[in-house]
Amino acid sequence: MRPIRPGDRGPAVTEIRTILTGLDLLAAAGPHTDEFDLDTERAVRAFQQSRGLSVDGRVGAETWRALDAARWRLGARTLYHAVPEPLTGEDVRSLQERLLEMGYDVGRADAIYGVRTSRAVAQFQREVGLTPDGSCGPHTMNALRRIGRKVVGGRPQWLRESDAIRQSGPALVGKTVVIDPGHGGTDPGMVVPDGSLRWTESDLVHDLASRLEGRLAASGVRVQLTRGPSPDSCLPDAERALLANSLGADVFISLHLDGHANPDAEGVATYHYGTDNGVTSATGERLAGLVQREIVARTGLRDCRTHAKTWELLRLTRMPAVRVEVGYLTSPTDRARLVDPRFRDRVVEAIVAAVQRMYYPIERDVPTGSLDVSELRAVVTAGTVVD
Ligand SMILES: [Zn+2]
């Protein structure tokens with residue numbers, strides 16, 4: 001087929017745009033929905049990058065196949081082991097990732113519903129008291145939703161690897177990062193009405209955390225979130241810190257949004273452990289400086305600098321720990337940016353860059369065999385597995 005390229009119009013472009021919008025790579029359609037415009041090209045490039053395809057901003061046969069597979073959201077159809085032509089799609093990959101996170105052996109998350117995935121589903125079904133037929137329909141989806149992404153003790157039992165490791169080098173492989181989306185459960189954090197909409201800090205920071213999880217995991221980092229999406233229950237700050245300690249985390253990143261009665265207050269600030277009389281966590285301060293610098297440089301948010309605090313979250317954690325207030329939800333300027341998924345991706349890129357810099361000069365041996373893992377692709381929308 002002739003690649004569909006910038007400047008093209010027609011139903012195929014509409015289709016492409018719809019899929020990219022569903023993946024949060026493109027803002028919801030404006031009036032020119034059948035036009036392959038600059039935003040579409042950007043979204044295609046981001047999609048190609050996330051799927052390890054050659055990045056040319058056009059939709060040829062290979063990119064089209066990947067887009068076609070990406071259109072399925074988990075729960076939209078019943079999944080089963082079909083022979084001889086197995087079902088494939090992004091929903092299969094989401095299911096596989098979810099099962100891997102829960103410790104089931106699906107091999108690698110290759111987006112193909114093969115016999116191993118079917119067996120893992122059957123095992124899950126047995127354990128939750130469903131008929132173990134190995135297919136994933138509404139009942140199994142409900143059970144998956146009910147169990148959700150719980151915080152578990154002990155090390156996460158999965159480690160993700162991808163092409164990105166070979167590109168970015170071994171510095172991050174095997175590190176454990178705990179990401180802490182602030183608030184959650186019955187505590188929404190800052191809530192700001194906006195016309196008929198209502199933005200909550202807890203939802204936005206959870207989305208940020210999920211995106212960050214996907215990007216870090218693609219670099220070979222073990223990632224654990226301190227809570228699931230609302231309305232999951234949530235832990236007090238002290239317990240979040242202890243969780244990070246029990247996981248032996250190398251880095252702890254807490255994500256919040258700020259708020260102020262004055263709508264002119266705006267910008268990003270990063271906090272690390274330290275007291276007024278100069279006692280400070282040196283590594284925490286370094287990480288805070290890197291995070292702050294990268295976010296300011298990559299997003300243009302106003303620089304509200306780094307600050308030392310003795311908050312429990314920072315005091316009880318035994319690894320470099322920072323709390324980032326990524327803009328003011330009460331500022332119309334910051335808010336307009338924060339509600340845009342592409343902006344949130346830039347914030348995430350900045351944090352990933354900061355974590356990488358934290359380890360950049362240090363070469364670290366990765367023991368052979370420690371990468372006995374499934375290979376997961378960096379999914380731009382990682383984290384929003386169900387619902
Ligand atoms: Zn907060």
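Both counts, for ligands and for their atoms, begin at 1 and track the order of listing. Quick note: residue numbers are just sequence positions, from 1.
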Run the salt-bridge test on R323 and E325 with the 4.0 Å N-O cut-off and return the result as yes or no.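 Here R323 pairs with E325 in a salt bridge, since their nearest N and O are under 4.0 Å apart.
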R58 side chain reached by I4 side chain, heavy atoms, under 4.5 Å: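 Heavy-atom side-chain distance check fails, nothing below 4.5 Å.
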Please lay out, stage by stage, how R42 and D39 fare under the test salt bridge (Lys or Arg N to Asp or Glu O under 4.0 Å). CA-CA 5 Å; R42 239 176 260 132; D39 284 340; 2.8 Å; yes
Can you list, by chain and residue number, the protein N, O or S atoms under 2.8 Å from the Zn ion (ligand 1)?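 The answer, once waters are left aside, is H183 NE2, E201 OE2, H256 ND1.
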Could you walk me through whether H81 and Y113 pass ring pair (Phe, Tyr, Trp, His ring centres under 6.0 Å), step by step? CA-CA 6 Å; H81 180 222; Y113 204 99; 7.2 Å; no
Walk me through whether H307 and H272 qualify under ring pair (Phe, Tyr, Trp, His ring centres under 6.0 Å). CA-CA 6 Å; H307 305 273; H272 60 88; 8.7 Å; no
Under 6.0 Å between ring centres, would you say that holds for H183 and H206?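 Distance test on ring centres: not under 6.0 Å, no.
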